[in-house]
Every structure is written in structure tokens, then in C-alpha cells.
There are 2 protein chains.
Amino acid sequence: MSNMLSKKTKYAFHALTYLGKQEERTPVLISQVASKTKVPRKFLESILLDLKKAGILNSKMGKGGGYYLLRDAKDVLLADVIRMFNGPIALLPCVSLNYYEPCEECVDEETCGLNAMMIEVRDEMLKILENKTLADIINAEE
Amino acid sequence: MSNMLSKKTKYAFHALTYLGKQEERTPVLISQVASKTKVPRKFLESILLDLKKAGILNSKMGKGGGYYLLRDAKDVLLADVIRMFNGPIALLPCVSLNYYEPCEECVDEETCGLNAMMIEVRDEMLKILENKTLADIINAEE
DNA sequence: TAATAATCTATAAATTCGATAGAATAACTA
DNA sequence: TAGTTATTCTATCGAATTTATAGATTATTA
């Protein structure tokens, strides 16, 4: 019973924070990120790969390889990371902007009070999560 | 992959809304609530029972029995229902007020930027969810 | 006491989450 | 160009949680 962020999402934030704190943008070994952030190595691999596919990280293979941050930390929104690993930010599929799905039991969305209320909640949540960035996390660290 | 409300939570809101809209506070059959809200009958049973135990509903057994709203609709906070059926409102256990748990990987909560950030997010979410009530849902319906 | 309706117990099906193993591919260096 | 290093890909597994159903039991009323 839980509405919270998955471990994967939390791990993603830890990894991003670690990479974002590097002075130079030189590749960092997966194994180094894993040991420093205490994220299980193999699990971390798939997380970093997803972040690469999303254009947030880049990687270099072979000797001297590893992962590094591609964007500026202030351009990585909390909402981006949450959507990627955790799914919708909205509390119900029927009010999700990016993952919309109608409710099976719903006769008419227009007159559903729950729908109306959850739209309000969603908009408030977006106000926060689309205005906070990885840079804010890193700043709070120092 | 989802941060959303469970079906149980959504069903609870539907059932509460239906009961809250009754003119008189006379008992309504489980089967009537089930058919009107399209919530699976047996699943609904356990939801209504939980709401009774929480003091939000009351029930009457035998002929003419059923469930009815005990509190005033404006005194049923969205946050109450979500906490009961969905768990914490905070996005991480380490920033939850009602379900606090430390993170395994965390060396020091004081210096964790993610922790700091999620406290901000939590407080904003509580501002909304503790100020909206069942009455707001019902009003939005008309 | 018969009918009605909530309550309790148990369990089954489906989905999601967290984690791991091993093979394949790419890049550097000597 | 051979060998080493490190990312990338595929595939799967177990555990936990969520959703749903079935049947027996208890309380109430007429």
C-alpha cells in the first residue's frame, strides 16, 4: 500500500545527483556510481541506460568509459525523471496529460466530481515538479 | 510503473461520493452502491468496512440495513481517504510524517539534497489534500 | 423463525517491483 | 591486430502487492 516513488526512481535521482556533482564532465564508471550511491550495480545499469536514451546522460564505451551528464542540471526537471521511471504524476489516469486513459466505470467525465477535483490536484503538483530541477537537489546538498 | 491512486482508493471515493449525495442518511444497500458506482460488489464490501472502522461510515445489519455517511462531507479530507487506502502522501518514506522510514542507502538525512527537496514537495501536496474534502467532490458533481 | 444483509475468513489470479546472470558489442591501448 | 575494459542487450526469476471472488457466519427485523 503505497503511493510513493519506486526505488528505481529514487535510485535515478541519486545517480543523477552524483553525476551532476562531478567537476568535469568526464565519464564515470558504473561501478563507481554504484558503490558511491549504494545502488545495486546491475539495477543501476538499466537506469543509466534509460537516462541515456532520454538524452539526459551520455556514455562512452571501452577503457576510460562510463556515464556523464549531458544536459545542464538546471534543465533536468523533477517531473521529467518521475514521469520516466515512475509514470504519471496525476493521481488518476483519467486526468493524466501524458498517460491519459478513461476510467472503465465512468459514464461521463464532464460530470464526475472526482475527475474535476483530481485535475485541480494535478495542476498544483505540476506547479512544483516542473519548476524544481536536479540543480535544486545538488544545491540543497551543499 | 505508476504513482497513481490504487483502484481501491478510487473506489472508496466513488462510494463515499454516492453515499454523500443521499438526501437522508438512511442505510443504503452494499449492492445498490456497487451497481451505481460500478465497483465490484465483494471488493466494495471490504472498502466500506474499512471506512466504517475509520469512523467515516456506519452500517446497519438485517432488513432495511446498509451503509450511511456518519460525518459531514466537509469533514472528510481527501488526505484522510488517500492515507487510509493508498498509504503515505509523501513521495519518499524518509519524508513521510505518518509513515516515516529511513532510507537504507542514506548516510546522513541532514545533507541529503533529495530529502530536502522532497520535504518541500510533500508540504505543497499536503496544502492541497488536507484542504479539499468530500464536499468539494460532491459540489463539483452538480 | 424466516428472510435479509452486513461481516468474516480464505484464497486465487494478475500485476508490478526489485534484482541478477550471462552473452554481445564497442572502444581504447599496447 | 590482439587483448582488455566497460557499456549494452536479452532474458528471466522470486517476492510482494493489488484486485477480485467464494462461502460460511452473525446480527437484525418483521
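Predicted, not measured: the structure shown is a model, and the values here were computed from it. Convention: sequence-line order gives letters A, B, ...; per-chain numbering from 1.
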Exercise. How close or far is atom P of dT4(C) from atom CZ of Arg41(B), stated in whole angstroms?
Worked result: 13 Å

Exercise. Asn58(B) has an atom CG; how far is it from atom P of dA27(D), in whole Å?
Worked result: 16 Å

Exercise. For Gly65(A) and Lys53(A), take the nucleotide of DNA chain D holding the closest heavy atom to each; which residue's nucleotide lies nearer the 5' end?
Worked result: Gly65(A)

Problem set entry | Minimal non-hydrogen separation, Arg71(B) against Asp75(B), with atom names | NH1-O, 3.0 Å

Exercise. With a 4.0 Å cut-off on heavy atoms, is Lys52(B) in touch with a base, just the backbone sugar-phosphate, or nothing at all?
Worked result: sugar-phosphate

Exercise. Is Leu70(B) isolated, or which residues cluster with it under the ILVMFWY side-chain rule of less than 4.5 Å, directly or via members?
Worked result: Tyr68(B)

Between the protein and nucleotides 13-20 of chain D, which nitrogen or oxygen pairs come in under 3.5 angstrom?
from    : atom 1 : to       : atom 2 : distance (Å)
dT17(D) : O3'    : Met1(A)  : N      : 3.4
dT18(D) : OP1    : Met1(A)  : N      : 2.6
dT18(D) : OP1    : Ser2(A)  : N      : 3.3
dT18(D) : OP2    : Met1(A)  : N      : 2.8
dT19(D) : OP1    : Lys7(B)  : N      : 2.9
dA20(D) : OP2    : Tyr11(B) : OH     : 3.4

For this session: Report the residues that fulfil side chain to side chain contact (heavy atoms under 4.5 Å, CB included) with Lys127(B), sequence neighbours left out, ordered by chain and then residue number.
Result: Glu124(B)

Problem set entry | Interface residues of residues 94-102 of chain B with DNA chain C (non-hydrogen, below 4.0 angstrom) | none

Seminar exercise, completed: Here the distance between atom P of dT16(C) and atom CE of Met4(B), to the nearest Å, is 10 Å

Exercise. Quick one: do Lys132(A) and Glu120(B) make a salt bridge, cutoff under 4.0 Å?
Worked result: yes

For this session: Is it possible for you to say whether Leu114(A) and Leu129(B) belong to one hydrophobic cluster, with membership spreading through side-chain heavy-atom contacts below 4.5 Å?
Result: yes

Seminar exercise, completed: Rounded to whole Å, CG of Leu44(A) lies from C1' of dG18(C) at a distance of 14 Å

Exercise. Any salt bridge between Arg83(B) and Glu130(B), counting N to O under 4.0 Å?
Worked result: yes

For this session: Measure from CG on Leu49(B) to C1' on dT25(D) and round the result to the nearest Å.
Result: 14 Å

Seminar exercise, completed: Rounded to whole Å, CD1 of Ile30(B) lies from P of dC8(C) at a distance of 11 Å

Exercise. Which residue pairs pass the ring-ring contact (aromatic ring centres under 6.0 Å, His included) test with at least one member in residues 110-142 of chain A, sequence neighbours excluded?
Worked result: none

For this session: Take Lys74(B) and Thr133(B) through the side-chain hydrogen bond (donor to acceptor under 3.5 Å, both in side chains) test and state the conclusion after the steps.
Result: CA-CA 5 Å; Lys74(B) 72 175 191 326; Thr133(B) 72; over 6 Å; no

Exercise. Tell me: CD of Glu45(A) to P of dA23(C), nearest whole Å?
Worked result: 15 Å

Look for any protein N or O under 3.5 Å of an N or O in nucleotides 26-30 of chain C and output each such pair with its distance, or none.
none

Exercise. Under 4.0 angstrom, heavy atoms only, what part of the nucleic acid is Leu29(B) near: base, sugar-phosphate, or nothing?
Worked result: sugar-phosphate

Exercise. Under a single-linkage definition using a 4.5 Å side-chain heavy-atom cutoff for Ile, Leu, Val, Met, Phe, Trp and Tyr, are Leu77(A) and Ile56(A) assigned to the same hydrophobic cluster?
Worked result: no

Exercise. With no hydrogens and no angle check, do the side chains of Glu105(A) and Tyr11(B) hold a donor and an acceptor under 3.5 Å apart?
Worked result: no

Exercise. What distance separates Phe13(A) CZ from Leu5(A) CG, expressed to the nearest 0.5 Å?
Worked result: 6.5 Å

